[in-house]
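Protein chains get the first letters and strands the later ones, always in sequence-line order, with residue 1 at the start of each. When reading the values below, keep in mind they use all heavy atoms of this one structure, side chains included, and skip hydrogens, waters and symmetry mates.
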2 protein chains.
Amino acid sequence: MSTIVSLNKVLTEFYDKMASWESSVVRESEYSLAQLHTLEVLGNHGAMNMKSLAHHLGITTGTLTVQVDKLVKLGLLQRRYSEQDRRSITVALTDAGQAIHEHHNALHLSLTEELTKDLSQVDRDALIALLSKVNQEF
Amino acid sequence: MSTIVSLNKVLTEFYDKMASWESSVVRESEYSLAQLHTLEVLGNHGAMNMKSLAHHLGITTGTLTVQVDKLVKLGLLQRRYSEQDRRSITVALTDAGQAIHEHHNALHLSLTEELTKDLSQVDRDALIALLSKVNQEF
DNA sequence: TATTTTACTTTGATTATCAAATAATCTACC
DNA sequence: GGTAGATTATTTGATAATCAAAGTAAAATA
């Protein structure tokens with residue numbers, strides 16, 4: 001098998017397994033996949049406007065408006081109105097939203113620990129370096 | 001930052017970017033994300049029964065039944081009835097379904113090529129080896 | 001043989017989604 | 001300044017995806 005095919009295989013396999021894991025974790029929580037994903041992106045990247053958030057999530061801004069409405073009502077998000085550009089709205093986690101993000105992130109950390117438990121320190125550092133390069137190319 | 005936190009960061013960042021890429025690719029196709037994902041899993045792992053497929057996709061078998069109905073109607077999937085266990089149904093790609101999978105897979109290969117274009121052969125081999133180990137731990 | 005478990009489907013309700021239309025604001029150009 | 005076109009977000013109406021729970025049929029078990 002060619003290198004590219006092998007690379008593609010391990011990358012897509014990782015992606016699929018991660019998606020499957022995420023589903024099962026979300027199923028046990030009181031929030032939906034879409035809701036947790038929204039909190040996750042904001043937690044990992046910080047507050048951002050609707051357009052950027054929609055792009056990160058891979059949905060339209062119309063869908064996101066509805067989603068944000070619900071999360072605001074639940075007290076997990078807040079809308080902040082920009083002074084510079086009054087069309088733009090910054091979406092940010094509330095303290096409650098941040099707490100849920102942190103709880104979810106702890107699950108991710110446990111998974112990462114489990115997934116890499118058999119790697120040496122050298123291997124872990126190598127994986128970090130290689131994936132960083134890959135991520136930059138997106 | 002600790003090694004585990006860094007590892008978690010690159011792994012989740014890769015996952016998120018891949019999900020975002022997948023969304024934008026799917027948006028341009030005539031099939032939905034759920035539909036393409038179903039074809040993708042069957043194409044990558046081969047025919048399997050409803051329960052396994054639902055688990056891979058992270059959905060309930062009830063949801064999957066509806067999804068498979070549609071894809072069968074579109075001529076992309078077929079149901080095969082098992083002789084050994086007549087409760088069990090094997091879901092398989094038709095030739096048309098296989099063709100769509102292959103087209104989608106070609107997009108994945110292009111992405112992989114793009115993402116790893118600056119890596120040396122040694123780095124690519126290392127990445128394959130490391131991610132294989134990670135994938136095995138799921 | 002009777003009971004329990006397993007695999008899948010159906011049903012009814014909810015949630016997520018999009019595309020298109022709308023509203024408000026900004027930018028660029030005259 | 002004023003206007004035309006682009007940008008940002010929301011609303012609306014329709015469709016698709018999802019789940020939980022109940023139902024059906026077959027297999028496994030006791």
Side-chain angles (χ1 to χ4, degrees), chain A residues 16 19-42 47-74 76-92, chain B residues 19-42 47-74 76-92 100:
Chain A
D16 278 349
S20 193
W21 175 85
E22 191 84 18
S23 296
S24 67
V25 163
V26 165
R27 186 85 36 79
E28 290 162 15
S29 84
E30 60 179 310
Y31 302 103
S32 72
L33 183 57
Q35 289 177 330
L36 269 180
H37 198 192
T38 303
L39 301 183
E40 205 172 353
V41 168
L42 288 172
M48 64 183 78
N49 68 17
M50 294 291 289
K51 192 188 177 184
S52 305
L53 185 52
H55 181 255
H56 267 101
L57 295 170
I59 59 179
T60 63
T61 56
T63 300
L64 184 57
T65 293
V66 177
Q67 197 59 251
V68 168
D69 282 347
K70 280 185 211 157
L71 290 168
V72 166
K73 203 163 286 177
L74 288 171
L76 305 180
L77 295 185
Q78 56 182 274
R79 284 185 166 94
R80 290 179 188 157
Y81 300 87
S82 166
E83 300 289 325
Q84 293 80 38
D85 185 342
R86 294 193 311 182
R87 294 168 305 180
S88 182
I89 287 182
T90 298
V91 183
Chain B
S20 193
W21 175 85
E22 190 85 17
S23 296
S24 66
V25 164
V26 164
R27 186 82 39 77
E28 289 162 15
S29 84
E30 60 178 312
Y31 302 104
S32 71
L33 183 59
Q35 289 176 330
L36 270 181
H37 198 193
T38 302
L39 301 182
E40 204 172 354
V41 168
L42 289 172
M48 64 183 78
N49 67 20
M50 294 290 288
K51 192 187 176 186
S52 304
L53 185 52
H55 181 254
H56 266 102
L57 295 170
I59 58 179
T60 63
T61 56
T63 300
L64 183 57
T65 293
V66 177
Q67 197 59 251
V68 168
D69 282 347
K70 280 185 212 160
L71 291 168
V72 166
K73 202 163 288 178
L74 288 171
L76 305 180
L77 293 186
Q78 57 180 275
R79 285 186 165 95
R80 290 179 187 157
Y81 301 86
S82 167
E83 300 289 324
Q84 293 81 36
D85 184 342
R86 296 193 311 181
R87 292 169 304 179
S88 183
I89 287 181
T90 298
V91 183
I100 289 169

Nearest-Å distance, CD (A:Q67) to P (C:dC18)? 11 Å
For B:S20 and A:H55, indicate whether the former's side chain and the latter's backbone hold a donor-acceptor pair under 3.5 Å. yes
Within the 4.5 Å heavy-atom criterion, are B:D69 and B:V72 side-chain neighbours or not? no
Please report the closest heavy-atom contact between B:K51 and B:T61, naming both atoms and the distance. CA-CG2, 4.2 Å
Protein-nucleotide distance (B:Y31, atom OH; D:dT15, atom C1'), rounded to Å: 18 Å
Whole-Å gap separating P (C:dT9) and CG (B:N49): 11 Å
Consider side-chain contact (heavy atoms from CB on, under 4.5 Å). Of B:Q78, B:R80, B:M48, which one does B:T90 pass it with? B:R80
The helix from C:dT1-D:dA30 to C:dC30-D:dG1: angle between its terminal axes, five pairs each, to 10°? 30°
With heavy atoms under 4.0 Å as the rule, sort A:S88 into base, sugar-phosphate or nothing. sugar-phosphate
Return a single string for nucleotides 19-28 of chain D, one symbol per nucleotide in 5' to 3' order, where B is base contact, S is sugar-phosphate-only contact and - is none, cutoff 4.0 angstrom on heavy atoms. B------BS-
Presence of A:R79 side-chain N/O under 4.0 Å of D:dT8 phosphate oxygens OP1/OP2: no
Can you check the B:D69 CG to D:dA17 P distance for me, whole Å? 12 Å
Could you tell me how far apart B:L71 (CG) and D:dA17 (C1') are, to the nearest whole angstrom? 12 Å
Where is the tightest heavy-atom contact between A:A34 and A:Q67, given as atom of each residue plus distance? CB-NE2, 3.7 Å
Mind calculating the distance between CG (B:L64) and P (D:dA17) to the nearest angstrom? 12 Å
Would you mind reading off the distance between A:L53 atom CG and D:dT10 atom P, rounded to a whole angstrom? 11 Å
State whether a side-chain donor-acceptor pair under 3.5 Å links A:T60 with A:T63. yes
Of the listed D:dA9, C:dA16, D:dA17, the closest approach to the A:I89 side chain comes from D:dA9
Using only heavy-atom distances, determine whether the side chains of A:S52 and A:N49 contain a donor-acceptor pair under 3.5 Å. yes
For the backbone of B:V25 and the side chain of B:E28, can you confirm whether one donor and one acceptor N or O come within less than 3.5 Å of each other? no
Under the side chain to side chain contact (heavy atoms under 4.5 Å, CB included) criterion, do A:Q35 and A:E40 qualify, and how do the steps go? CA-CA 9 Å; A:Q35 289 177 330; A:E40 205 172 353; over 6 Å; no
Separation of C:dT14 P from A:K70 NZ (nearest whole Å): 12 Å
